[in-house]
Amino acid sequence: MDYWQNLFSTGYVNTKGHLDVSPSQSSAIVSILSAGTFFGSLGSPLLADTIGRRLALIASSWVFIFGVILQTASTALPLFLAGRFFAGFGVGLISVLIPLYQSETAPRWIRGAIVGAYQLAITIGLLLAAVVDYATQNRQDTGSYRIPVAVQFAWAIILIGGMLFLPETPRFLIKKGQHDRAARSLCKLRRLEHTHVAIQEELREIQANHDYEMSIGSATYLDCFRGPMLKRQLTGMGLQALQQLTGINFIFYYGTQYFKNSGIQDPFTIQMITSCINVVSTLPGLWAVDKLGRRPLLLWGAVGMCLSQFLVAMLGTLTTGQDSQGNIIVYNVAAQKAGIAFVCIYIFFFASTWGPLAWVVTGEIFPLKSRAKGLSMATATNWLLNWAIAYATPYLVNYGEGYANLQSKIFFVWFGACFICISFVYFFIYETKGWSLEQVDELYSEVTSARKSAAWKPSTTFAQRQGLVETVGAPAAEGGAAAKAEGVNDPQHSDGASHQDEKAAV
């Protein structure tokens, strides 16, 4: 955008002899958005646990709109930077609140697909952004930047409009003691009468789970790192950090050179290739998450990403070099094309597994009383790593004094991170497919090892434990399963004390 560079420049001239923003100003433009998202995600529980998930989403959208207004109205850097911060703050709020709302309202048998659709929306947004940027890049007026920025109004207004017709989550209403409103909300979400047995059972379970949690005290941020909650918190934060460390943002933001090495010179063509693969590949992941489960998808997705990144690193390192000026020399174009193929395969594995499932898992592993706080810190970790990678990558790959000049060797870093992903899933990711959020809470309380989680079956409900219903006949379990998985329901092998023991200790 030549017009934007000329308008916002403070006198700096780039290597092509054109007015431009300086490298430090460019860094500020990028980093201030990330700062906003980080602090927004951390601050989201203040809204979510006070005015509710629904109203918090509406309020957060207005924060984002305010940021967009400032950017659209700006003709100099100070106002543009302020707009970037507020837009980022709104995005940070929304990035926590949407998975939170989805997790607390979705039926358990399709919760994975619904929460995963959040990632699908992100991939579609990246595709549309590339199209709009390409269409306006050569305009020689303020439309070159105001049109791409102002388009964001539409999506915020659509979100606000949709939330006006959707109910508050029944779990938040139960948390606030508004049982009648919770019943009406659940009836609207499930499209069933309030007298339906499924509505009554789900409400009793949510209420009993909340009563149990309150019987052992409220939750602070520090409580998220204490006792049995520590495992869940580190799991959520580790999953979000590793999602960034797999290298996906490097592919989208810094991978242009690797496509050019294979003979593809048009940046728009490159963006279309990667963005389209990203969108289409998310769809099978949404289908598989509730069919195959979280653990298998994350595990085999990590394996696929690991192999792809290793092959890209090897092909790039062995078949390219540099001249004395740091320009890339390609020795084998066919090998570079093979490397691009593996980049595309990597995007497929990421988009169908780690892309959507990081949001799915972090949205369902925290108990109700600390869910907003736990999810906010996990999401803040994602944004923090997003900023760190964006900031560090130019220093890692560029040529020149003070730079590491890794070039294609950077893919060995992503390979190493993907290898860690494999171990992380094996040891820390619990299988939560098909269970309600309350049953996921029970799963973590009764099973110490993630490897045993797939065999677990609930033996009783929270409502039965709290005495809201009688235990009749076989234990109530999903799908009619009555037997416990051997060893995993033994209180002596639980992640902390059993529910009965904890309550008795209060």
Side-chain angles (χ1 to χ4, degrees), residues 32-70 82-106 114-115 118 121-122 152-153 155-178 181-182 185 189 206 210 213-214 218-224 229 233 236-237 240 359 362-384 437:
I32 200 167
L33 178 75
S34 297
T37 56
F38 177 76
F39 290 111
S41 57
L42 284 180
S44 60
L46 300 177
L47 287 175
D49 288 337
T50 303
I51 64 175
R53 284 55 161 145
R54 173 177 170 271
L55 289 179
L57 267 170
I58 294 174
S60 301
S61 298
W62 283 112
V63 173
F64 174 76
I65 286 174
F66 178 65
V68 173
I69 290 173
L70 293 182
R84 292 276 290 177
F85 177 80
F86 282 105
F89 195 86
V91 168
L93 291 168
I94 291 169
S95 66
V96 175
L97 294 168
I98 286 181
L100 178 63
Y101 185 89
Q102 291 171 315
S103 296
E104 291 192 346
T105 56
I114 289 176
V115 179
Y118 172 62
I122 292 173
Q152 298 172 101
F153 281 121
W155 316 120
I157 292 170
I158 289 171
L159 179 57
I160 292 172
M163 294 311 299
L164 293 176
F165 294 97
L166 289 172
E168 181 55 79
T169 74
R171 287 172 172 85
F172 172 78
L173 296 171
I174 288 288
K175 184 177 182 179
K176 291 299 183 180
Q178 301 177 30
R181 284 190 63 196
S185 171
L189 290 166
I206 297 171
H210 176 63
E213 289 182 4
M214 290 299 100
S218 59
T220 65
Y221 278 100
L222 285 178
D223 290 329
C224 294
M229 272 301 300
Q233 191 62 58
M237 294 173 69
Q240 291 285 6
W359 302 107
T362 53
E364 62 191 13
I365 63 175
F366 299 109
L368 177 59
K369 67 177 180 179
S370 60
R371 185 169 296 135
K373 295 181 179 69
L375 183 56
S376 75
M377 287 186 284
T379 306
T381 304
N382 182 295
W383 288 118
L384 181 63
L437 296 180

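The structure presented is a predicted model; accordingly, all values stated were derived computationally and were not measured.
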J.: Nearest 0.5 Å please: distance from the OG atom of Ser44 over to the CZ atom of Phe39.
T.: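 Between atom OG of Ser44 and atom CZ of Phe39 there are 13.5 Å.
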
J.: With sequence neighbours left out, write down each residue that passes ring-ring contact (aromatic ring centres under 6.0 Å, His included) with Trp383, or none if nothing qualifies.
T.: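 Here no residue qualifies.
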
J.: Looking at Thr379, Leu375, Thr105, which one forms a side chain to side chain contact (heavy atoms under 4.5 Å, CB included) with Leu100?
T.: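 Result: among Thr379, Leu375, Thr105, Leu375 is the only option passing the side chain to side chain contact (heavy atoms under 4.5 Å, CB included) with Leu100.
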
J.: Would you name the heavy atoms of Cys224 and Gly374 that are closest together and state the gap between them?
T.: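 Distance-wise, the nearest heavy atoms are SG-N, 4.2 Å.
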
J.: OG/Ser41 to CG/Asn382 distance, rounded to the nearest 0.5 angstrom?
T.: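 The OG atom of Ser41 sits 8.5 Å away from the CG atom of Asn382.
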
J.: How long is the span from the CZ atom in Phe64 to the CZ atom in Phe153, to the nearest 0.5 Å?
T.: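 It is 8.5 Å, given to the nearest 0.5 Å.
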
J.: Minimum heavy-atom separation for Leu368 and Arg171, please, with both atom names.
T.: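 Taking every non-hydrogen atom into account, CD2-O, 3.7 Å.
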
J.: Report yes if some heavy atom in the side chain of Pro45 is under 4.5 Å from a heavy atom in the side chain of Tyr221; otherwise report no.
T.: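 With C-beta onward as the side chain, the pair touches.
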
J.: Can you find a pair of side-chain heavy atoms, one from Phe172 and one from Gln178, that are under 4.5 Å apart?
T.: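 No, side chains not in contact.
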
J.: Looking only at heavy atoms, what is the nearest atom pair of Thr362 and Ala378, with distance?
T.: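 In this case the closest contact between Thr362 and Ala378 is CG2-CB, 4.2 Å.
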
J.: Given the rule in the side-chain contact (heavy atoms from CB on, under 4.5 Å) test, do Thr37 and Ser95 qualify, once you have shown the distances and angles that lead to the verdict?
T.: CA-CA 8 Å; Thr37 56; Ser95 66; over 6 Å; no

J.: How far apart are the closest heavy atoms of Ser60 and Leu97, and which atoms are they?
T.: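 Heavy atoms of Ser60 and Leu97 come nearest at OG-CD1, 3.2 Å.
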
J.: To the nearest 0.5 Å, tell me how far Lys175 NZ sits from Arg53 CZ.
T.: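 Between Lys175 NZ and Arg53 CZ, I get 5.5 Å after rounding to 0.5 Å.
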
J.: Answer yes or no: does atom OH of Tyr118 have more than 12 heavy-atom neighbours from other residues, nucleotides or ligands under 6.0 Å?
T.: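 Result for OH/Tyr118: enclosed.
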
J.: To check you understand the geometry: which heavy-atom pair defines the closest contact between Asp49 and Lys176, and what is its length?
T.: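 Answer, listing the atom of Asp49 first, then Lys176: O-NZ, 3.1 Å.
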
J.: I want to check something: taking the side chain as every heavy atom from C-beta on, are Pro367 and Met229 in contact at a cut-off of under 4.5 Å?
T.: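 Yes, at least one pair of side-chain atoms sits under 4.5 Å.
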
J.: Considering residues at least two apart in sequence or located in another chain, which fulfil the side chain to side chain donor-acceptor pair (under 3.5 Å) criterion with Arg371?
T.: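 If we apply the side chain to side chain donor-acceptor pair (under 3.5 Å) test to Arg371, skipping adjacent residues, the hits are Glu104.
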
J.: Nearest 0.5 Å, what's the CD1-OG distance between Ile158 and Ser61?
T.: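 Between Ile158 CD1 and Ser61 OG, I get 11.0 Å after rounding to 0.5 Å.
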
J.: Decide yes or no on side-chain contact (heavy atoms from CB on, under 4.5 Å) for Val96 and Leu42, but give the supporting numbers first.
T.: CA-CA 9 Å; Val96 175; Leu42 284 180; over 6 Å; no

J.: Considering only heavy atoms from C-beta outward, does the side chain of Tyr101 approach that of Leu166 to under 4.5 Å?
T.: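 Side-chain contact under 4.5 Å: yes.
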
J.: Please enumerate all residues that pass salt bridge (charged side-chain N to carboxylate O under 4.0 Å, His left out) together with Asp223, with sequence neighbours excluded.
T.: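 Result, salt bridge (charged side-chain N to carboxylate O under 4.0 Å, His left out) vs Asp223: Arg226.
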
J.: Has the side chain of Gln102 got a donor or acceptor atom that lies under 3.5 Å from a matching backbone atom of Ile114?
T.: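 A pair under 3.5 Å: yes.
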
J.: Find out whether Trp62 and Ile160 are in side-chain contact, i.e. whether some heavy atom of one side chain is under 4.5 Å from a heavy atom of the other.
T.: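 The answer is yes, as the side chains (C-beta and beyond) meet within the 4.5 Å cut-off.
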
J.: Quick one: closest heavy-atom pair of Pro99 and Trp359, and the distance?
T.: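 Nearest heavy atoms, Pro99 then Trp359: CG-CE3, 4.0 Å.
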
J.: About how many Å separate CD of Glu168 and CG of Leu189, when rounded to the nearest 0.5 Å?
T.: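 Here the rounded value is 10.0 Å.
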
